There are 2 protein chains.
Amino acid sequence: MTYSEENYIKVIYHLSLVSPKGINTNAIAGMIESKASSVTDMVKKLAEKELVDYQKYQGVTLTQKGLHAAKMIVRKHRLWEVFLVEKLDFTWDEVHALAEELEHIKSEKLINRLDEFLGFPKEDPHGDPIPDRYGQMIKVEKQLLSEVGLNKKVMCLGVKDSSPSFLQYLDKHQISLGSEIEIINKEAFDMSLTILMNGKEILISNKIAGNLFVKVI
Amino acid sequence: MTYSEENYIKVIYHLSLVSPKGINTNAIAGMIESKASSVTDMVKKLAEKELVDYQKYQGVTLTQKGLHAAKMIVRKHRLWEVFLVEKLDFTWDEVHALAEELEHIKSEKLINRLDEFLGFPKEDPHGDPIPDRYGQMIKVEKQLLSEVGLNKKVMCLGVKDSSPSFLQYLDKHQISLGSEIEIINKEAFDMSLTILMNGKEILISNKIAGNLFVKVI
DNA sequence: AAATAAATTTAGACAAAACTAAAAATTATT
DNA sequence: AATAATTTTTAGTTTTGTCTAAATTTATTT
């Protein structure tokens with residue numbers, strides 16, 4: 001599998017988690033920052049290699065083989081992220097771009113040794129589950145902070161958007177994985193929240209709350 | 001710089017350590033396992049980017065810019081080798097192929113953090129010096145075991161050939177960096193050596209002795 | 001249901017990096 | 001010094017992954 005093929009498989013995997021039907025050409029092109037025609041070309045090649053099922057105009061779905069390949073790429077990506085944050089002291093907004101490169105290093109032995117070195121982590125620094133060598137991963141029962149009711153206490157589990165600007169926002173407000181938050185008020189007009197964290201009240205917008213995964217505690 | 005350009009620069013660097021004049025096309029082709037015509041094409045591109053000086057039929061030499069680029073690739077390669085051996089318990093014959101891939105990961109910050117994490121090592125697992133972030137490295141005063149006189153005591157510093165088969169041979173005979181060796185006998189006919197190591201006498205061929213760097217102690 | 005809009009695919013082209021085969025230059029040999 | 005052998009370069013192809021522009025299919029509106 002080439003670098004480029006791996007990127008396509010990974011993007012198709014991420015899209016199929018959101019919408020489980022056939023993934024359409026334009027959606028892939030948007031994620032990979034290429035053009036629809038390029039996607040058609042690549043998808044044909046992936047279909048020949050039996051990594052995806054593809055019918056003209058009907059979008060693609062991953063085959064079993066493609067799904068497993070995708071999970072192994074995600075596994076590498078997330079294990080490298082853990083390494084970068086825990087061992088090399090990178091912040092959680094810096095690691096994504098680096099992991100995009102490291103995920104293409106081809107060695108099962110390397111990634112299994114890395115997994116062991118890191119103590120077989122189950123989640124990456126953004127709270128996303130890490131597939132094990134067989135592709136199995138935990139299912140985190142999480143919901144968006146924007147969906148939680150008033151006066152509930154929650155624990156921060158992860159992010160939906162993992163763009164550097166959002167992660168830096170969280171850092172600035174000292175919100176990290178494990179942070180405990182209580183919802184004090186919800187403004188009807190703009191759905192902004194007043195939350196209590198570490199004894200301090202903070203106002204956060206609906207957009208922020210809509211990108212933060214939490215679990216009621 | 002592309003993956004392929006980096007490989008060419010690295011090979012030209014290694015060849016220029018051995019012969020300091022212009023490096024010829026065929027030598028590069030041999031190392032990179034490509035054809036002379038491909039080398040000519042690539043060398044023209046590298047010359048345009050001012051990484052090498054090139055005149056038709058006269059071979060190439062690295063420019064200052066090219067030399068620095070080469071050292072940074074070597075730095076990455078050797079630091080990743082240290083990581084693989086010291087942190088992930090790989091053997092020294094396994095790491096070269098993996099480091100060939102890892103050396104192309106593009107991030108100065110990552111490699112400097114890795115350097116720090118490893119405690120700023122000065123040598124890689126094969127005894128080769130690791131350039132620092134400015135390209136500086138120690139010069140190991142080493143000679144080949146085959147060149148050392150009778151009855152001398154030496155310490156093993158590194159290898160000339162780092163192919164898996166040679167490294168596995170050394171492992172099998174428990175010869176590693178730091179091993180102390182005394183030369184008991186030198187056979188005039190085939191230049192094979194009888195050496196004393198850990199109280200045991202071993203016979204080694206001239207070919208082995210010609211690929212093992214040592215220092216007289 | 002026909003017309004229009006949007007999405008997708010095809011056809012043809014391009015850049016990077018490799019190749020083969022032939023031509024040109026350099027080096028070695030007689 | 002002339003010829004032969006070797007090395008290097010040029011010219012023309014190939015493959016991978018991308019692109020634009022045109023054609024086709026599917027979806028949406030009127």
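Please read all numbers here as calculations on a predicted model, not as lab measurements.
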Taking all non-hydrogen atoms of both residues, which atom of S107(A) and which atom of L110(A) are closest, and how far apart?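 Distance-wise, the nearest heavy atoms are OG-N, 3.0 Å.
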Atom of N206(B), atom of S146(B) and distance for their closest heavy-atom approach: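 In this case the closest contact between N206(B) and S146(B) is ND2-CB, 4.0 Å.
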Grab the [atom1]-[atom2] distance between [X] and [N] for me, whole Å please.
X: E5(A); N: dT16(D); atom1: CD; atom2: P; value: 9 Å
X: I32(A); N: dT16(D); atom1: CD1; atom2: P; value: 18 Å
X: I23(A); N: dA7(C); atom1: CD1; atom2: P; value: 16 Å
X: I28(B); N: dT7(D); atom1: CD1; atom2: C1'; value: 13 Å

By the 4.0 Å heavy-atom rule, please label Y3(B) as base, sugar-phosphate, or nothing. nothing
What does S4(A) touch in the nucleic acid at a heavy-atom separation under 4.0 angstrom: a base, only the sugar-phosphate, or nothing? sugar-phosphate
Is it the case that the side chains of E94(A) and T91(A) hold a donor-acceptor pair, with the cut-off being a distance below 3.5 Å and no angle test? yes
Can you tell if the side chain of V159(B) reaches within under 4.5 Å of the side chain of N211(B), non-hydrogen atoms only? no
Side-chain heavy-atom pair T61(A), V52(A) within 4.5 angstrom cut-off: no
Readout for nucleotides 9-14 of chain C: B = base within 4.0 Å of protein heavy atom, S = sugar-phosphate only, - = neither; 5' to 3' it is BB----
I want to check one thing: is the phosphate of [N], taken as OP1 and OP2, less than 4.0 Å away from some side-chain N or O of [X]?
X: Y8(B); N: dA18(C); value: yes
X: N24(A); N: dA7(C); value: no
X: K35(A); N: dT18(D); value: no
X: N26(A); N: dT8(C); value: yes

For residues 80-90 of chain B, please give each side-chain donor-acceptor pair under 3.5 Å, one per line with the distance, not counting sequence neighbours.
unit_1: W80(B); atom_1: NE1; unit_2: L102(B); atom_2: O; d: 3.4
unit_1: E81(B); atom_1: OE1; unit_2: H126(B); atom_2: ND1; d: 3.1
unit_1: E81(B); atom_1: OE2; unit_2: H77(B); atom_2: NE2; d: 3.0

